2 protein chains.
Amino acid sequence: MKADAVRGHLDGLLLAVLEQGPLHGYAIITAVQRRSGGALELRTGTIYPALNRLERLGLLSSSWQSAGERRRRCYELTDAGRATLAGERAAWDEFTAAIGSVLNPGARPGLAT
Amino acid sequence: MKADAVRGHLDGLLLAVLEQGPLHGYAIITAVQRRSGGALELRTGTIYPALNRLERLGLLSSSWQSAGERRRRCYELTDAGRATLAGERAAWDEFTAAIGSVLNPGARPGLAT
DNA sequence: AGTGTATGTATTGGCAGCCAACACATTCAG
DNA sequence: CTGAATGTGTTGGCTGCCAATACATACACT
């Protein structure tokens, strides 16, 4: 997987992993990595600015938590974030349909292998 | 469809539309637009530099043709271009699988709606 | 004769957005 | 006491597409 393949789809990824519950930044990275089967390895320079932006947009809310001496900033989906996530999923489907139909003109979706 | 959604996938699109035969730049734009159902509208500032790059890489070959008084530059896939196209298709499948598995963790491919 | 639209190729400046590199702190294993 | 894992964060830079621009021919309409 080339390095900046997530370009333009990062917001959806972040919102998606937060759908099932609050996570802190480091856990988001590992969650994305695990759910993609190791294909997607986000960097801190990628997600922290993005998380801040999403919070500023009102799609996430954050709160500091202490696990022992550690401080963690936990991010949580807002209602607006949930709505945006639905939009991102729809946009993803349109996007893959558009590119896919050019890349594989004869292919029909839903056909196994 | 957001403006620069094709970022990172342009080469595959260009190679794919040239698979079925030579086309000139303007025809490539309309072919991509048609095959994507109108979703993808490439600009000249996007494809001409890309076509030059692909030719420089040996994936395309070009030749000037005259239709009446009009001059057209026709691009054709080389064998290397065909091989690269196969690689781009494989990369696309990996890419959609990776993003898709994060975006829709429960979804299983091949399942209609 | 003039205007608009379609066809056709090509270059340039700008910028969004991600990454690499860096900086710093705590915890625990060896 | 050193290294790896855990944890948050910033900054500079580059890739790669787009918008704007330029120019040319052909044809329909008025």
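Keep in mind it's a predicted model, so treat the numbers as computed, not measured. First the proteins, then the strands, lettered A, B, ... as listed; each starts at 1.
Rounded to a whole Å, the CH2 atom of B/W64 is 14 Å from the P atom of D/dT25. Atoms CG (A/L42) and P (D/dT8) sit 14 Å apart, rounded to a whole Å. Atom-to-atom, CG of B/L51 to P of C/dG8 comes out at 15 Å; the value is rounded to the nearest Å. Remark: C1' of C/dG17 and CG of A/D11 are 10 Å apart, rounded to the nearest angstrom. Atoms CD1 (A/I47) and P (D/dG9) sit 9 Å apart, rounded to a whole Å. In this structure, B/Q65 places its CD atom 12 Å from P of C/dG8, rounding to the nearest Å. Counting to the nearest Å, the P atom of C/dT9 and the CG atom of B/N52 are 12 Å from each other. We find that CG of A/L54 is positioned 11 Å from P of C/dG17, with the value rounded to whole Å.
Side-chain proximity of A/V6 to the nucleotides C/dT9, D/dT8, C/dC18 is greatest for C/dC18. Side-chain proximity of A/Y48 to D/dG9, C/dA10, D/dC17: nearest is D/dG9. Candidate nucleotides D/dG7, C/dA21, D/dA19 were compared by shortest atom distance to the side chain of A/R72, and D/dG7 ranks first.
Side-chain to base pairing of A/R73 with D/dT8: no donor and acceptor N or O lie closer than 3.5 Å to each other.
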List the atom pairs, with distances to 0.1 Å, where a side-chain N or O of residues 77-88 of chain B and a protein N or O form a donor-acceptor pair under 3.5 Å, not counting sequence neighbours.
| unit_1 | atom_1 | unit_2 | atom_2 | d |
| --- | --- | --- | --- | --- |
| B/T78 | OG1 | B/G58 | O | 2.7 |
| B/T78 | OG1 | B/L59 | O | 3.1 |
| B/T78 | OG1 | B/A80 | N | 3.4 |
| B/T78 | OG1 | B/G81 | N | 3.0 |
| B/T84 | OG1 | B/A80 | O | 2.9 |

Cut-off 3.5 Å, no hydrogens considered: what does the side-chain donor-acceptor table look like for residues 10-23 of chain B, sequence neighbours left out?
| unit_1 | atom_1 | unit_2 | atom_2 | d |
| --- | --- | --- | --- | --- |
| B/D11 | OD1 | B/R53 | NH2 | 2.4 |
| B/D11 | OD2 | B/R53 | NH2 | 2.8 |
| B/E19 | OE1 | B/R89 | NH2 | 2.8 |
| B/E19 | OE2 | B/R89 | NH1 | 3.3 |

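For the segment residues 12-35 of chain B, residues with any heavy atom less than 4.0 angstrom from an atom of DNA chain C are, sorted by number, B/H24, B/G25, B/Y26. Within residues 93-101 of chain B, no residue has any heavy atom closer than 4.0 Å to DNA chain D.
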From CA spacing to verdict: side-chain contact (heavy atoms from CB on, under 4.5 Å), B/H24, B/R73: CA-CA 5 Å; B/H24 59 279; B/R73 191 170 180 179; 5.6 Å; no
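Transitive grouping of hydrophobic side chains (ILVMFWY, heavy atoms separated by less than 4.5 Å) brings B/L40 and B/Y48 into a common cluster.
The distance from the CD1 atom of B/I99 to the CG atom of B/N104 is 11.5 Å, given to the nearest 0.5 Å. Here the OG atom belonging to A/S62 is positioned 15.0 Å from the CZ atom belonging to A/R72, to the nearest 0.5 angstrom.
Each of A/G45 and A/R70 lies near DNA chain C, and the nucleotide nearest A/G45 is the one positioned closer to the 5' end.
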Between the protein and nucleotides 12-16 of chain D, list the N/O to N/O atom pairs that are separated by less than 3.5 angstrom.
| unit_1 | atom_1 | unit_2 | atom_2 | d |
| --- | --- | --- | --- | --- |
| D/dG16 | O4' | B/R7 | NH1 | 3.0 |
| D/dG16 | N2 | B/R7 | NH2 | 3.4 |
| D/dG16 | N3 | B/R7 | NH2 | 3.4 |

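In plain terms, the two heavy atoms of B/R43 and B/E41 that are nearest each other are NE-O, 3.2 Å. In terms of heavy atoms, A/S36 sits closest to B/S101 at CA-OG, 3.5 Å.
For the pair A/I28 and A/L51, the minimum side-chain heavy-atom distance is below 4.5 Å.
Screening residues 62-103 of chain B for ring-ring contact (aromatic ring centres under 6.0 Å, His included) gives A/H9-B/F95, A/W92-B/F95, A/F95-B/W92, B/H9-B/W92, B/H9-B/F95, B/W92-B/F95 as the qualifying pairs, with residues at least two apart or on separate chains.
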